[in-house]
Student: 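There's a structure below that I have some questions on.
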Protein chains: 2
Amino acid sequence: MRMTPQRQLVLDAVRELRHATPEQVCQHVQRTAPTVNITTVYRTLDLLERLNLVRHTHLGHGAPTYSADEHEHVHLVCHRCGRVEEVPCDLLDDLAGTLRQRFGFDLDGSHLALSGTCRDCVNAGGTA
Amino acid sequence: MRMTPQRQLVLDAVRELRHATPEQVCQHVQRTAPTVNITTVYRTLDLLERLNLVRHTHLGHGAPTYSADEHEHVHLVCHRCGRVEEVPCDLLDDLAGTLRQRFGFDLDGSHLALSGTCRDCVNAGGTA
DNA sequence: TTAAGTGCAAAGAGTTTGCAAATAA
DNA sequence: TTATTTGCAAACTCTTTGCACTTAA
């Protein structure tokens, strides 16, 4: 595989933007290289993920977001206001231990977000 | 709001199928009432969710799945083989307490799944 | 000259919307 | 009637695929 200009730009964009959707990555890349196509962005994100240079997280709604592999964290998504908070992965260590012991399940804390209600929305009125 | 035949069939299907996608709910309903449209299924699932009769979970990839509100559980999704396991919600109690204390975040354990590698896939060869 | 990479158009999932016809209060 | 609900078609978002053109080894 060749590190083409397009691929380098996509990787740079992911590193710079932090949890950006493919669409957002594409727009960022197009500021420098307007002809780069969204198809290339999707293909490159796939490739970079197989090389363990980026990873994606499903926030629940809509498109997944991509981050550089260095930034491993757990995402807390508020399903009331949509806000995304990042918290340290080691918060899941106990849970991961329990899941491994009881179910043989090897947890990947960064691939799916945790959903709930953020502080502000809790204060603004209940859990529902 | 009226509990129309269509709505009752959708609710019955969700209760019967357990974590089914809108598409699967629609197919099930159509075995009894072939003219029921997928649009009606989407609208009804929305409605039933606002009434707290059903809830949906994002498994990561593809369409969300719907369950009757009684079946609250945490979903473990294997990102290697796609298998979905259901485990008791109280496994998250400690984590929920920590998140509430440290971030004011009120965790909803059933809305998003946990991702990782299941026992069989771990045994079949590593974590990646 | 050949394999890899790209852009473009089209197609595919999943979902929502506009609107007219059907239904029940 | 009148508001609600439905079905259908079309639109819309997100993603993948087919294919011809380009590019670098």
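Numbers restart at 1 for each chain; the letters A, B, ... are given by sequence-line order, proteins then strands.
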Student: Check the distance between dT16(D)'s P and Asp46(A)'s CG and give it to me in whole angstrom.
Tutor: 6 Å
Student: What's the CZ-C1' distance between Arg7(B) and dT23(C), to the nearest Å?
Tutor: 12 Å
Student: Roughly, in whole Å, what's the span from CG in Asn37(B) to P in dG14(C)?
Tutor: 16 Å
Student: List the atom pairs, donor and acceptor, that lie under 3.5 Å between side-chain atoms in residues 57-66 of chain B and the rest of the protein, sequence neighbours left out.
Tutor:
from     : atom 1 : to        : atom 2 : distance (Å)
Thr57(B) : OG1    : Ser110(B) : O      : 2.8
His58(B) : ND1    : Gly60(A)  : O      : 2.9
His58(B) : NE2    : Gly60(A)  : O      : 3.4
His58(B) : NE2    : His56(B)  : NE2    : 3.2

Student: Would you call Arg55(B) and Glu49(B) a side-chain contact if the rule is heavy atoms closer than 4.5 Å?
Tutor: yes
Student: Just to confirm, is there a sub-4.0 Å distance from OP1 or OP2 of dT6(C) to any side-chain nitrogen or oxygen of Thr4(A)?
Tutor: yes
Student: Quickly work out the Arg43(B) CZ to dC19(C) C1' distance and round it to whole Å.
Tutor: 11 Å
Student: Would you mind telling me which residue lines up with the more 5' stretch of DNA chain C, Leu47(A) or Pro5(B), judged by nearest nucleotide?
Tutor: Leu47(A)
Student: Nearest to the side chain of Ala63(B) - dT15(C), dT15(D), dG5(C)?
Tutor: dT15(C)
Student: Could you state the interatomic distance from CG (Asp106(A)) to SG (Cys78(B)), rounded to the nearest 0.5 Å?
Tutor: 9.5 Å
Student: Report yes or no: does Thr32(B) contribute a side-chain atom to a donor-acceptor pair with the main-chain N or O of His28(B) at less than 3.5 Å?
Tutor: no
Student: Specify the separation, in whole Å, of atom CE of Met3(B) and atom P of dT5(D).
Tutor: 12 Å
Student: Whole-Å distance between dC14(D) P and His61(B) NE2?
Tutor: 19 Å
Student: Taking side-chain hydrogen bond (donor to acceptor under 3.5 Å, both in side chains) as the definition, give me every residue that meets it alongside Arg119(B), ordered by chain and number, with sequence neighbours left out.
Tutor: none
Student: Remember a base hit wins even if backbone is also touched, and classify Gln6(B) as base, sugar-phosphate or nothing at under 4.0 Å, heavy atoms.
Tutor: sugar-phosphate
Student: Can you check whether Thr35(A) has a side-chain N or O nearer than 4.0 Å to OP1 or OP2 of dG7(C)?
Tutor: yes
Student: Using whole Å, report how far CZ of Arg2(A) lies from C1' of dG5(C).
Tutor: 6 Å
Student: Which of these nucleotides, dT15(D), dG7(C), dT6(D), is closest to any side-chain atom of Thr40(B)?
Tutor: dT6(D)
Student: Do any side-chain nitrogens or oxygens of Thr39(B) fall under 4.0 Å of OP1 or OP2 in dG7(D)?
Tutor: no
Student: Whether Tyr42(B) contacts dT16(C) is assessed here as follows: a side-chain N or O lying under 4.0 Å from the phosphate OP1 or OP2. Is that the case?
Tutor: no
Student: From CD of Glu49(A) over to P of dT15(D), roughly how many Å is that when rounded to an integer?
Tutor: 12 Å
